[in-house]
Number of protein chains: 2
Amino acid sequence: MAKRISTKDKILNAAELLFAEHGYEQTSLRQITTAADVNLASVNYHFGSKKSLIQAVMARYLEVFMPALANQLSAVQVRPQLSTREVFDCFREPLRSLSQVRRGGPTIFMSLLGFAYAEIQGHLRRYILEHYGDIVQLLMAVLHQANPKLSPVDMFWRLHFVLGATVFTQVSGPALREIAAADFGEHLAADEVVDRLIPFLAGGVDAAPL
Amino acid sequence: MAKRISTKDKILNAAELLFAEHGYEQTSLRQITTAADVNLASVNYHFGSKKSLIQAVMARYLEVFMPALANQLSAVQVRPQLSTREVFDCFREPLRSLSQVRRGGPTIFMSLLGFAYAEIQGHLRRYILEHYGDIVQLLMAVLHQANPKLSPVDMFWRLHFVLGATVFTQVSGPALREIAAADFGEHLAADEVVDRLIPFLAGGVDAAPL
DNA sequence: CTAAATTTTAAACATGCGTTTTAATCTATA
DNA sequence: TATAGATTAAAACGCATGTTTAAAATTTAG
């Protein structure tokens, strides 16, 4: 009774797992099509190129994540007093909602985001600004509202420091969790790393500039 | 009167520039040997493999940076009251001292470090721990001294958040500086980005854990 | 049911990579 | 200067990649 999965979706499902684990450049079309149990040429037939496949993989998550984030930010925007911490907490629910896309979706998305920023720097930023520019601006506005003393330039840089710490944590996450488990006996799930990350980020953004 | 530059050094000089700009995987031996005006086979003759070349490039900087950092940390260690900020400031002079290695050395080193961590995660960490493990431990000790309330696990994670923000900033640095210049009219040098980064990092490390 | 369109398949293509080989050339020493 | 050793040079090797081709199979429509 299970509905037949289209070749296109089989490719997307296999690709996002491999991309999230090994990155984009390190994942070959042959790995993907083998894992998807699909012919090699079908990637180019359905998506045109590897680059387009990468975009399609990211798009499937951004379509869910971005509107959910916009909702959270809008809801929080009306609050009279707003802390940086509260703004970052806006990311939690949209991230969790990615479980709808697939089991383990939140972790997969974070890894994809990390690799996307690390490997294809310009492209993703351009894509996000093009498709979700208004949401990015909303985020900037809310962050400024929470931290009015910070100049726009300072906020710009700190937002990217935040992104850097987040992205790096995700990309190096598995290795670091392993080390932490070995050295401190505490084995953390990916979500718990985020729990430790958010106070750090909020503290950084709230720091006095200079 | 200029002393003849050895093939080995010509390769190192060309390689570190290309690595710093495009990363390791994205830089081919042919690009390097062409830029160095040297035969393709000479890389394998002098270094054995591309991986060994990468290591040699990093080693040349670490040999200068790490002892200088150790000096700074030792000097600061004796202070009765020590702030996180002061610990991070320990990185400034060793970083600047890399100008000795070559003009623009500080920026090159930071980029190399960024790509090294982003692309060959495990290897660099292993190399540093193996060759400079004592200095890493000194850093941990001094950081703990500055922030005794933080548990070792928390410190471990925050140190890697710091690394992430730093590394990412360096890898994406050129693109971000360009955007900042276009959007805010402020063109920052790479060093000035570090000036903005350090307060952020200190604020993050000093944040109350939850 | 048949014809047209879509999709799948296997094979080859073109390219770029790190590395190896083998011979030529340079360099230092006796 | 003659010779042994170190270095450079050109070419090719073996392999993996993304992509294209052209025929076969399947699905869709009339």
Side-chain angles (χ1 to χ4, degrees), chain A residues 1-59 112 115-116 118-124 127, chain B residues 1-59 112 115-116 118-124 127:
Chain A
M1 271 304 140
K3 188 134 136 251
R4 188 188 164 279
I5 303 167
S6 72
T7 299
K8 213 168 172 173
D9 283 338
K10 284 206 279 186
I11 293 172
L12 284 173
N13 291 336
E16 72 178 26
L17 279 185
L18 289 166
F19 284 154
E21 190 166 0
H22 305 113
Y24 297 109
E25 324 254 11
Q26 299 292 336
T27 303
S28 72
L29 293 185
R30 281 165 179 82
Q31 287 176 264
I32 294 170
T33 52
T34 299
D37 193 31
V38 141
N39 188 272
L40 168 62
S42 50
V43 171
N44 287 279
Y45 176 78
H46 285 287
F47 295 95
S49 67
K50 187 185 181 181
K51 188 173 283 182
S52 301
L53 171 61
I54 294 170
Q55 235 175 34
V57 166
M58 277 303 297
L112 290 175
F115 281 117
E119 293 184 19
I120 49 172
Q121 304 172 33
H123 283 127
L124 180 67
Y127 182 88
Chain B
M1 271 304 139
K3 186 130 139 259
R4 188 187 163 282
I5 304 168
S6 73
T7 299
K8 212 168 172 174
D9 283 339
K10 284 207 277 186
I11 293 172
L12 284 173
N13 290 335
E16 71 177 25
L17 280 185
L18 289 166
F19 284 154
E21 190 167 359
H22 305 113
Y24 297 110
E25 323 254 12
Q26 299 294 333
T27 302
S28 71
L29 293 186
R30 282 166 179 82
Q31 286 176 264
I32 293 170
T33 52
T34 299
D37 194 31
V38 139
N39 188 273
L40 168 61
S42 50
V43 171
N44 288 278
Y45 176 78
H46 284 287
F47 295 94
S49 67
K50 186 185 182 182
K51 188 172 282 182
S52 301
L53 171 61
I54 294 171
Q55 237 176 33
V57 166
M58 276 304 297
L112 290 175
F115 281 117
E119 293 183 19
I120 49 173
Q121 304 171 31
H123 283 128
L124 180 68
Y127 182 88

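Chain identifiers are assigned alphabetically (A, B, ...) following the order of the sequence lines, protein sequences preceding nucleic acid strands; residue numbering begins at 1 within each chain. Keep in mind that this is a model prediction, so the values were computed, not measured.
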| request: Indicate yes or no: at least one non-hydrogen side-chain atom of A:L40 is less than 4.5 angstrom from one of A:I32. | output: no
| Smallest separation among heavy atoms of A:F115 and A:A20, with atom names | CE1-O, 3.3 Å
| task | Please list all pairs passing the salt bridge (charged side-chain N to carboxylate O under 4.0 Å, His left out) test where one or both residues lie in residues 8-23 of chain B, with sequence neighbours left out. | result | B:E16-B:R60, B:E16-B:R102
| Of B:T7, B:I5, B:L53, B:L17, which is the lone residue that meets side-chain contact (heavy atoms from CB on, under 4.5 Å) with B:L12? | B:L53
| Heavy-atom pair of closest approach, residues A:T34 and A:R30 | OG1-O, 2.7 Å
| task | Quick one: which residue pairs count as a side-chain hydrogen bond (donor to acceptor under 3.5 Å, both in side chains) with a foot in residues 40-51 of chain A, not counting sequence neighbours? | result | A:S49-A:S52
| remark: Per the under-4.0 Å heavy-atom filter, residues of residues 12-23 of chain B near DNA chain D come out as none
| note | DNA chain D: first to last nucleotide in contact with chain B (atom under 4.0 angstrom from a heavy atom), 5' to 3', is D:dA6 to D:dA12
| request: Measure the OH-CE distance between B:Y127 and B:M58 for me, rounded to the nearest 0.5 Å. | output: 8.5 Å
| remark: CG of A:N13 to CG of A:L18, rounded to nearest 0.5 Å, is 11.0 Å
| note | Output for pair (B:F19 CZ, B:Q26 CD), nearest 0.5 Å, gives 11.5 Å
| remark: In short, the helix from C:dC1-D:dG30 to C:dA30-D:dT1 is bent end to end, axes from five pairs each side, to 10°, by 0°
| Where along nucleotides 7-19 of chain C does protein come under 4.0 Å, by heavy atom, of base (B) or sugar-phosphate alone (S), with - for untouched nucleotides? | BBBB-B----BBB
